[in-house]
Amino acid sequence: GSKKQMASKNFQGGRITSIFGGSEIDLTQAQLANGTNYLELTCIFGGVSLVIPSDWEIKVEMNNIMGGFGDKRRISPITQADKILVIRGVAIFGGGELK
C-alpha cells in the first residue's frame, strides 16, 4: 500500500492502480485545473481511499464487479462549477471511497 499527499495548484487527474494492496491519496491541498479532469482507477482485490475537498464537483463513473465505490464526504456547496473531477474505472473484488 501507499499513502501520498498532493499539493498541485493545477491538478488534472491521473491514474491509480491497486492490485492486492491499497492507496490513500490526500488531495485537500490540491486545486483542480479548469474544465473536466479525469482520475482513472483500477482496483483488483485492493482499494483506494481519496481525501478530497468537500467543495469539489465530483462525478463517479465506476464499473463494479463484486466490489464498490462510495462517497462518504460531507457535501458543501460547489464553489468551482467550472472545475469537475470525473472518477472512472473498475473495481473487481475491491473498491474505494471518497472522504
Side-chain angles (χ1 to χ4, degrees):
S2 67
K3 215 175 201 184
K4 296 185 179 185
Q5 274 191 320
M6 301 292 293
S8 172
K9 299 300 179 200
N10 193 33
F11 183 74
Q12 298 176 355
R15 184 175 299 151
I16 301 171
T17 302
S18 294
I19 301 173
F20 289 102
S23 300
E24 182 174 326
I25 312 295
D26 185 347
L27 297 167
T28 55
Q29 301 301 314
Q31 296 176 7
L32 276 176
N34 287 329
T36 303
N37 304 283
Y38 295 93
L39 185 59
E40 301 278 340
L41 302 181
T42 303
C43 303
I44 302 173
F45 290 99
V48 174
S49 179
L50 300 169
V51 183
I52 293 180
S54 61
D55 63 340
W56 283 16
E57 184 171 351
I58 305 291
K59 293 185 180 178
V60 178
E61 299 174 356
M62 292 291 293
N63 295 310
N64 303 305
I65 301 169
M66 303 296 280
F69 195 87
D71 189 347
K72 298 181 178 181
R73 298 177 300 150
R74 291 185 187 148
I75 303 301
S76 295
I78 304 300
T79 59
Q80 303 175 17
D82 61 333
K83 300 177 182 181
I84 300 169
L85 180 63
V86 178
I87 298 172
R88 61 184 179 187
V90 64
I92 302 171
F93 291 102
E97 67 180 354
L98 299 176
K99 299 196 256 182

Table please: side-chain donor-acceptor pairs of residues 9-21 below 3.5 Å, with sequence neighbours left out.
from: S18; atom 1: OG; to: S23; atom 2: OG; distance (Å): 3.3
from: S18; atom 1: OG; to: G47; atom 2: O; distance (Å): 3.3

To the nearest 0.5 Å, what is the distance between NZ on K4 and CG on L27? 12.0 Å
Over all heavy atoms of both residues, which pair between S49 and K99 is shortest? Give the atoms and the distance, please. OG-CE, 2.8 Å
Pair listing, salt bridge (charged side-chain N to carboxylate O under 4.0 Å, His left out) test, anchored in residues 59-72, at least two apart: D71-R73, K72-E97
Give, for atom CD1 of I87 and atom CD1 of I58, the distance between the pair rounded to the nearest 0.5 Å. 5.0 Å
Test question: given the 4.5 Å side-chain rule for I, L, V, M, F, W and Y, name all other residues clustered with V51, or answer none. none
Quickly, which of L85, L98, N37, I84 forms a side chain to side chain contact (heavy atoms under 4.5 Å, CB included) with W56? Name it, please. L85
Transitive ILVMFWY side-chain link V48 to F93, under 4.5 Å: no
Treating Ile, Leu, Val, Met, Phe, Trp and Tyr as nodes and any side-chain heavy-atom pair under 4.5 angstrom as an edge, say whether I25 and V60 lie in one connected cluster. yes
Pairs touching residues 21-48 that satisfy salt bridge (charged side-chain N to carboxylate O under 4.0 Å, His left out), sequence neighbours left out: E40-R88
To the closest 0.5 Å, what do you measure between CG (L41) and CG (N63)? 11.5 Å
